[in-house]
Amino acid sequence: MTPVHFSFSSAFMLGLMGLAFHRTHLLSALLCLEGMMLSLFIALALWVMQFESTMFSAGPLLLLAFSACEASAGLALLVATARTHGTDRLQNLNLLQC
């Protein structure tokens with residue numbers, strides 16, 4: 001495993017572990033998701049550049065567009081949650097209640 005592979009896989013795993021074990025606030029969960037998406041974007045872009053394939057050249061841009069949409073939807077949920085509940089702590093949210 002090259003150092004580049006190791007750095008991006010470890011960045012993805014750190015984001016995944018942060019999402020799994022440190023779920024106190026919605027903002028920290030969104031930041032972990034964004035870090036995971038950015039590490040996937042950089043790894044996919046380097047993979048396309050390494051193989052010099054034009055067939056998959058739109059893949060990183062599509063992933064970046066989807067991650068921007070995911071970030072905007074997450075921030076909208078964060079604002080809506082903060083307005084209705086007064087906090088973004090995940091322990092205070094009950095998903096079974098409206």
Side-chain angles (χ1 to χ4, degrees):
M1 180 179 279
T2 64
V4 175
H5 268 123
F6 178 72
S7 63
F8 291 123
S9 63
S10 63
F12 182 80
M13 291 305 290
L14 279 174
L16 187 64
M17 287 189 330
L19 186 63
F21 298 127
H22 188 67
R23 292 183 293 172
T24 56
H25 293 281
L26 183 59
L27 184 61
S28 64
L30 289 175
L31 283 174
C32 289
L33 280 174
E34 194 64 30
M36 289 169 54
M37 290 298 287
L38 286 177
S39 67
L40 281 176
F41 166 71
I42 293 172
L44 188 61
L46 286 177
W47 180 70
V48 167
M49 284 181 6
Q50 181 182 7
F51 288 118
E52 297 174 356
S53 65
T54 59
M55 191 166 87
F56 297 116
S57 61
L61 290 177
L62 280 171
L63 184 69
L64 192 62
F66 285 136
S67 67
C69 293
E70 174 258 334
S72 65
L75 287 176
L77 285 173
L78 177 70
V79 168
T81 303
R83 284 185 181 172
T84 57
H85 293 83
T87 184
D88 70 332
R89 291 185 58 87
L90 292 176
Q91 284 82 14
N92 294 342
L93 299 178
N94 188 0
L95 298 178
L96 298 177
Q97 271 184 340
C98 291

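Keep in mind that the numbers below use all heavy atoms, side chains included, and drop hydrogens, waters and symmetry copies.
Atom CG of L44 sits about 10.0 Å away from atom CE of M37, to the nearest 0.5 Å. Interatomic distance, M13 CE to S39 OG, rounded to the nearest 0.5 Å: 10.5 Å. In this structure, L30 CG and E70 CD are separated by 7.0 Å, a value rounded to the nearest 0.5 Å. We find the CG-CZ distance between L61 and F66 to be 11.5 Å, quoted to the nearest 0.5 Å.
By the rule that hydrophobic residues join a cluster once side-chain heavy atoms approach within less than 4.5 Å of another member, L26 and F21 end up as members of separate clusters. By the criterion of side-chain heavy atoms lying less than 4.5 angstrom apart, applied directly or through intervening Ile, Leu, Val, Met, Phe, Trp or Tyr residues, M49 is grouped together with L40 in one hydrophobic cluster.
In this structure, T24 and H22 have side chains that are in contact, with non-hydrogen atoms separated by less than 4.5 Å.
When all heavy atoms are compared, the tightest approach of A45 to P60 is CA-CG, 3.8 Å. When all heavy atoms of C69 and S72 are compared, the closest pair comes out as O-OG, 2.9 Å. For the residue pair G15 and C32, the shortest heavy atom distance occurs at O-CB, 3.5 Å. When all heavy atoms are compared, the tightest approach of L64 to L38 is CD1-CD2, 4.5 Å. The shortest heavy-atom contact between D88 and L78 is CB-CD1, 3.6 Å. Closest heavy-atom contact between S67 and E34: O-OE1, 3.8 Å.
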Exercise. Do V4 and L46 pass the side chain to side chain contact (heavy atoms under 4.5 Å, CB included) test, and can you show the C-alpha distance, the side-chain angles, and the key distance before you say yes or no?
Worked result: CA-CA 9 Å; V4 175; L46 286 177; 3.7 Å; yes
For this session: Output, in order, the C-alpha distance, side-chain angles, deciding distance and verdict of side chain to side chain contact (heavy atoms under 4.5 Å, CB included) for R83 and V79.
Result: CA-CA 6 Å; R83 284 185 181 172; V79 168; 3.9 Å; yes
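A donor and an acceptor atom, one from each side chain of H25 and S28, are nowhere located under 3.5 Å apart.
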